[in-house]
2 protein chains.
Amino acid sequence: MLIGELARASGVTVRALRYYEQQGLLQPERAANGYRQYDGRAVTKVRNIQLLLSNGFTAQDVRDFLPCLDDGDVSLVPACPPSVEAVTRKVAVLEERIAELAAVRDRLLQALSGNPTPQQPGTVARRHPAYTRTARG
Amino acid sequence: MLIGELARASGVTVRALRYYEQQGLLQPERAANGYRQYDGRAVTKVRNIQLLLSNGFTAQDVRDFLPCLDDGDVSLVPACPPSVEAVTRKVAVLEERIAELAAVRDRLLQALSGNPTPQQPGTVARRHPAYTRTARG
DNA sequence: CTAAAGGCTGACCTGGGCGTCAAGGTCAAA
DNA sequence: TTTGACCTTGACGCCCAGGTCAGCCTTTAG
């Protein structure tokens, strides 16, 4: 799979793919002519990278994520126990971000329904109802 | 409340507060000496702004959020019906972001538990269990 | 053979969210 | 009155995630 195909398949630009590689997030093979060669799993991987980057994580953060998410193949995990701690921390970060966004969402929904905010001022709602809706619908 | 106090109270820098104002996210009063004057609700507002910015939204995005979240006072909402549509769109964006992050979190948890991924390749998990954990909890 | 399409590296540019001076005004305490 | 903390605007700088252009090589189509 050449870089242009991967770009189209994963919805990012060729430039972004080269950037991700430069940041150590991708390590494609090289053909004899110097062209980058990606396998099919790279599509998932790139989507996950983009997903994290567009949610406020940095390339450095993503580096911490990927060792155990490599190419979306979770079965690789037992081979990388040293990063368990790092992954656990990342899960906590995600929990926090999710809770924050859910709180904002709840406030917007309250706003739309015209209800007052049942919370003490000084911060955004912390304890919120379970997340039940599915994306896009 | 002066800008330095607000900065300490809300956990951002003075520079950031001036930047938010420049971006149209804050409109403090001005004292006779030219000093910015904030009221207590600005603390919540600033925290919300920072929260959104650190989650991958731009100042422009935040501008769309704030008309109905002003100072965290949701009771102001009925006064701004024209932005209902914009807020609704933002809720959808939040739902999507939350779902994405929850999917990543689920994959990390699967990785930690060593389970295989029960999903078709090509994208991150889309339908995920309800969000049940509380932040830092 | 030639043109078009795609790939390569290197390098400079951009926009967003600030950090960091610079030069100066204001205010409370000593 | 002087010091020091805090405020003002303005301007330049930085990092990050790429965009864009230049100059060149490779592969496929006609």
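To find a chain, count down the sequence lines: A is the first, B the second, and so on, and within it residues start at 1.
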Could you pick out which residue, A:Arg8 or B:Val14, lies toward the 5' side of DNA chain C when each is mapped onto its nearest nucleotide? A:Arg8

A:Leu53 CG to D:dG18 C1', straight-line distance once rounded to whole Å: 10 Å

So among A:Lys45, A:Arg30, A:Arg15, which one has a salt bridge (Lys or Arg N to Asp or Glu O under 4.0 Å) with A:Glu21? A:Arg30

A:Glu21 CD - D:dA17 C1' separation (whole Å): 16 Å

Can you tell me the distance, in whole Å, between the CD1 atom of B:Ile49 and the P atom of C:dG16? 17 Å

Below the 4.0 Å mark, does D:dT9 have OP1 or OP2 next to a side-chain nitrogen or oxygen of B:Arg30? yes

Evaluate the criterion side chain to side chain donor-acceptor pair (under 3.5 Å) for residue pair B:Gln60 and B:Arg63; output intermediate values, then yes/no. CA-CA 5 Å; B:Gln60 170 67 43; B:Arg63 259 198 297 276; 2.8 Å; yes

Nucleotide of C:dC18, D:dC16, C:dG7 approaching A:Leu2 most closely (side-chain heavy atoms): C:dG7

Measure the distance from CG on B:Leu17 to C1' on C:dG19 and round it to the nearest whole Å. 14 Å

Linking I/L/V/M/F/W/Y whenever any side-chain heavy atoms sit under 4.5 Å apart, do B:Tyr38 and B:Tyr35 land together? no

Applying a 4.0 Å non-hydrogen cut-off, can you work out what B:Gln50 is touching in the nucleic acid: base, sugar-phosphate, or nothing? sugar-phosphate

Grab the CG-P distance between A:Leu26 and D:dA17 for me, whole Å please. 14 Å

Looking only at C:dG17, D:dC12, D:dT27, the nucleotide nearest the B:Arg15 side chain is D:dC12

Can you check the A:Asp61 CG to D:dA17 C1' distance for me, whole Å? 13 Å

Measure CE/A:Met1 against P/C:dG7 and give the value in whole Å, please. 11 Å

Donor-acceptor pair present, B:Arg36 side chain and D:dT8 base, under 3.5 Å: no

Would you mind classifying the nucleic acid contact of A:Gln22 as base, sugar-phosphate or nothing, using non-hydrogen atoms under 4.0 angstrom? nothing

Mapping A:Tyr35 and A:Tyr20 to their closest nucleotides on DNA chain D, which lands nearer the 5' end? A:Tyr20

Look up atom CG in B:Leu17 and atom CD in B:Gln22, then write down how far apart they are to the nearest 0.5 Å. 12.5 Å

Give the rounded distance in Å between these two atoms: CZ of A:Phe57 and C1' of D:dA17. 16 Å

Measuring to OP1 and OP2 of C:dG7, would you say a side-chain N or O of A:Asn33 lies under 4.0 angstrom away? no

Closest listed nucleotide, where the reference is the side chain of B:Thr58 and the choices are C:dG19, C:dG17, D:dG18: C:dG17

Ignoring hydrogens and geometry, is there a side-chain-to-backbone donor-acceptor pair from B:Asp61 to B:Thr58 under 3.5 Å? yes

If the cut-off is 4.0 Å, is B:Tyr19 near the phosphate of C:dC18, judged by side-chain N/O to OP1 or OP2? no

Would you indicate what A:Arg18 reaches in the nucleic acid, counting non-hydrogen atoms under 4.0 angstrom: base, sugar-phosphate, or nothing? base

